[in-house]
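Below is one structure, written out as structure tokens, with a few remarks after it.
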Amino acid sequence: MYNKDKYKEILDYVKEDLDLLHCEIKSLLSENSTKLEEDLSAFLFAKSKRLRPLVLFLIKNALLGAEYTNTNPKNTAEITGKIITLAAALELLHNATLIHDDIIDEADLRRLLPTLNVKYGSKIAVILGDYLLSLCLKLLSKIGEPKVFEYFSENTLNVCKGEIDQFFNKNKVITIEEYIEKSKNKTSSLFLAGAKSLLYLINKEIQPILDDVQNAILKYVLNFSLAFQIYDDIENFQDYKSEKSSSDIENGILTLPYLYISQQNYSYGMMDLKNQLQDKKLYNEALDFSKKYLNNTLNQAIESIKPLQGQYNTELLQKLVETFKI
């Protein structure tokens with residue numbers, strides 16, 4: 001659904017940063033080798049969008065550009081190293097949450113591979129998720145900034161709160177506002193942990209960033225991450241008949257398209273909602289509503305950084321948003 005060619009162009013633009021990210025993760029796995037290192041490596045390097053580190057690298061490039069690298073060659077390697085380490089920590093934390101999600105959902109597939117809980121059982125999978133979390137903490141300690149620890153811990157708590165709320169809302173119809181709030185916790189929190197940490201590092205070690213600029217970046221990250229969750233839910237909704245790593249409706253979780261169907265038909269039974277998908281007219285209405293909501297949220301992300309145009313190069317941040325429009 002998303003424009004893969006445009007997305008690849010953006011990935012190519014930050015290829016050097018992504019290569020350094022991969023080297024950092026591979027080195028960390030090697031230094032802290034376990035009997036399941038091969039399986040963890042396969043999981044971490046299976047096909048993935050690398051969306052969270054990508055957003056960090058695009059923000060870094062927008063705020064600093066080539067000028068900083070050219071005028072501050074001595075400091076460039078040090079700050080680049082910290083940003084790469086930050087991005088690697090964020091990616092490890094994200095993957096730890098994916099392993100735990102698969103356990104909770106009893107999912108069979110992730111990134112077209114058997115999930116770790118299927119391969120080794122939930123007990124070992126829990127430990128592997130905790131193992132990645134521990135590696136994340138190790139990288140954060142390498143950065144050595146208490147404020148970064150604070151951002152990560154606060155937002156990891158939000159992820160857990162979102163997961164708990166989702167569990168207790170299983171098989172219940174919630175409002176769209178509650179869905180958005182849950183998505184802020186479960187999805188946006190990690191994006192924001194990385195963005196806040198990055199802004200802190202740049203502000204402290206390179207150059208001051210005005211509060212208005214920081215707020216604009218954080219609003220962009222919030223809206224884009226929400227939009228990505230909606231995009232993912234739409235994709236899951238469209239593939240409800242195919243084999244997925246998990247199915248929201250079968251796990252009692254209502255996403256935006258299903259919430260629309262429920263509101264239109266006042267249907268509160270989960271299986272009733274799934275049966276409603278046979279109604280092509282209603283199915284298409286739910287899809288159109290969700291796509292419109294997605295595009296509106298993406299437009300809000302673009303609006304957030306419009307004031308930065310001219311002073312900062314936000315072209316790729318805008319291009320990333322356009323890539324996910326439907």
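Of the possible donor and acceptor atoms, one in the side chain of Glu178 sits under 3.5 Å from a partner among the backbone N and O of Thr175. A donor-acceptor contact shorter than 3.5 Å is absent between the side chain of Ser27 and the backbone of Cys23. In this structure, the side chain of Ser30 does not engage the main chain of Lys26 through any donor-acceptor pair within 3.5 Å. Counting only distance, with no hydrogens or angles, the side chain of Ser141 and the backbone of Lys138 share a donor-acceptor pair below 3.5 Å. A donor-acceptor pair under 3.5 Å links the side-chain atoms of Asn3 to the main chain of Lys6, judged by distance alone. Looking only at distances, a side-chain donor or acceptor of Ser197 sits under 3.5 Å from a matching main-chain atom of Ala193.
Within the 6.0 Å centre-distance limit, the rings of Phe237 and Tyr283 are counted as a close aromatic pair.
Taking hydrophobic clusters as Ile, Leu, Val, Met, Phe, Trp and Tyr residues chained together by side-chain heavy-atom distances below 4.5 Å, Leu113 does not share a cluster with Leu29. Note: the hydrophobic cluster containing Leu157 does not contain Leu90 (ILVMFWY, side chain heavy atoms under 4.5 Å, direct or indirect links). Linking Ile, Leu, Val, Met, Phe, Trp and Tyr residues whenever their side-chain heavy atoms come within less than 4.5 Å places Val14 and Phe45 in a single cluster. With hydrophobic clusters built from ILVMFWY side chains whose heavy atoms lie under 4.5 angstrom apart, Val118 does not share a cluster with Leu109. Cluster annotation: Ile104 and Ile253 are assigned to distinct hydrophobic clusters (Ile/Leu/Val/Met/Phe/Trp/Tyr, side-chain heavy-atom contacts under 4.5 Å, transitive).
Applying the ring-ring contact (aromatic ring centres under 6.0 Å, His included) test to residues at least two apart or on different chains, the pairs with a partner in residues 177-230 are Phe224-Phe324, Phe228-Phe324.
Counting non-hydrogen atoms of other residues, nucleotides and ligands closer than 6.0 Å to CD of Gln309 gives a total above 12. No more than 12 heavy atoms of other residues, nucleotides or ligands shown are found within 6.0 angstrom of NZ on Lys119. With a 6.0 Å radius and a threshold of 12 heavy atoms from other residues, nucleotides or ligands, Glu16 has its CD atom at or below the threshold. The number of heavy atoms from other shown groups lying within 6.0 Å of NZ (Lys325) is above 12.
Looking only at atom types and distance, the side chain of Tyr120 has a donor-acceptor partner in the side chain of Asp39 under 3.5 Å away. Judged purely by distance below 3.5 Å, without hydrogens or angles, the side chains of His22 and Arg50 pair a donor atom with an acceptor atom. Judged purely by distance below 3.5 Å, without hydrogens or angles, the side chains of Ser304 and Gln300 never pair a donor atom with an acceptor atom.
Of all heavy-atom pairs spanning Gln229 and Ser183, the tightest one is CG-OG, 3.6 Å. Closest heavy-atom contact between Ser225 and Leu222: OG-O, 2.9 Å. Considering all non-hydrogen atoms of both residues, Gly129 and His100 come closest at CA-NE2, 3.6 Å. Tyr151 and Lys196 get closest at one heavy-atom pair: CE1-O, 3.6 Å. Shown here for Ile59 and Ala195, the closest heavy-atom pair between the two residues is CD1-CB, 4.4 Å.
Here the CD1 atom belonging to Ile176 is positioned 10.0 Å from the OG atom belonging to Ser262, to the nearest 0.5 angstrom. With rounding to the nearest 0.5 angstrom, the OG1 atom of Thr115 is 9.0 Å from the CZ atom of Phe43. To the nearest 0.5 Å, atom CD of residue Glu163 and atom NZ of residue Lys182 are 9.0 Å apart. Taking CG from Asn95 and OG from Ser48, the interatomic distance works out to 6.5 Å, rounded to the nearest 0.5 Å. With values rounded to the nearest 0.5 angstrom, Leu132 atom CG is found 5.5 Å from Leu44 atom CG. Going from atom CG of Leu254 over to atom NZ of Lys170 covers 12.0 Å, rounded to the nearest 0.5 Å.
Residues passing the salt bridge (charged side-chain N to carboxylate O under 4.0 Å, His left out) test with Glu315: none are found, sequence neighbours excluded. By the salt bridge (charged side-chain N to carboxylate O under 4.0 Å, His left out) test, Lys291 pairs with no residue at all, sequence neighbours left out. In this structure Lys184 satisfies the salt bridge (charged side-chain N to carboxylate O under 4.0 Å, His left out) test with no other residue, sequence neighbours excluded. Taking the salt bridge (charged side-chain N to carboxylate O under 4.0 Å, His left out) definition, one finds that Glu181 meets it with nothing, sequence neighbours left out.
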Take Lys142 and Glu24, measure what salt bridge (charged side-chain N to carboxylate O under 4.0 Å, His left out) needs, and give me the verdict at the end. CA-CA 12 Å; Lys142 181 179 174 183; Glu24 178 105 36; 2.9 Å; yes
Show your reasoning for whether side chain to side chain contact (heavy atoms under 4.5 Å, CB included) applies to Ile103 and Leu116. CA-CA 8 Å; Ile103 297 167; Leu116 293 169; over 6 Å; no
With side chain to side chain contact (heavy atoms under 4.5 Å, CB included) as the criterion, how do Tyr258 and Asp233 come out once you've worked through the C-alpha distance, each side chain's angles and the decisive distance to 0.1 Å? CA-CA 10 Å; Tyr258 291 109; Asp233 290 341; over 6 Å; no
Just do the side chain to side chain contact (heavy atoms under 4.5 Å, CB included) check on Asn203 and Gln214 with the steps written out, would you? CA-CA 10 Å; Asn203 204 38; Gln214 295 193 53; 3.9 Å; yes
Take Glu37 and Ser41 through the side-chain hydrogen bond (donor to acceptor under 3.5 Å, both in side chains) test and state the conclusion after the steps. CA-CA 6 Å; Glu37 179 185 345; Ser41 183; over 6 Å; no
Checking Lys60 against Asp17 for the salt bridge (charged side-chain N to carboxylate O under 4.0 Å, His left out) test, could you report, in this order, the C-alpha distance in whole Å, the side-chain angles of both residues, the deciding distance, and whether it holds? CA-CA 11 Å; Lys60 177 201 72 171; Asp17 286 331; 2.8 Å; yes
If you apply the rule side chain to side chain contact (heavy atoms under 4.5 Å, CB included), what do you find for Leu308 with Ile305, and how did you get there? CA-CA 5 Å; Leu308 305 186; Ile305 55 173; 4.1 Å; yes
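With a 6.0 Å cutoff to the six-membered ring centre and a 45° limit on the axis angle, Lys319 does not count as a cation-pi contact of Tyr7.
Ion pairing of Glu145 with Lys204 is present here, as a side-chain N (NZ or NE/NH1/NH2) and a carboxylate O approach within less than 4.0 Å. Between Lys186 and Asp165 there is no salt bridge, since none of the side-chain N atoms of the basic residue sits less than 4.0 Å from a carboxylate O of the acidic one. Note on Glu303 versus Lys306: salt bridge recorded, some NZ/NE/NH1/NH2 to OD/OE distance being below 4.0 Å. Here Asp288 does not pair with Lys292 in a salt bridge; the nearest charged N to carboxylate O distance is not below 4.0 Å.
Of the options Thr187, Asn295, Leu294, Thr255, a side-chain contact (heavy atoms from CB on, under 4.5 Å) to Ile230 is made by Leu294 and by none of the others. With Leu92 as reference, Leu139 is the one residue of Leu140, Leu137, Leu139 to meet the side-chain contact (heavy atoms from CB on, under 4.5 Å) rule.
By the 4.5 Å heavy-atom criterion applied to side chains, Val159 and Asn185 are not counted as neighbours. Within the 4.5 Å cutoff, the side chain of Tyr131 has no heavy atoms near those of the Val126 side chain.
In the hydrophobic clustering, where aliphatic and aromatic side chains (Ile, Leu, Val, Met, Phe, Trp, Tyr) are joined below 4.5 Å either directly or transitively, Ile164 groups with Phe167, Phe168.
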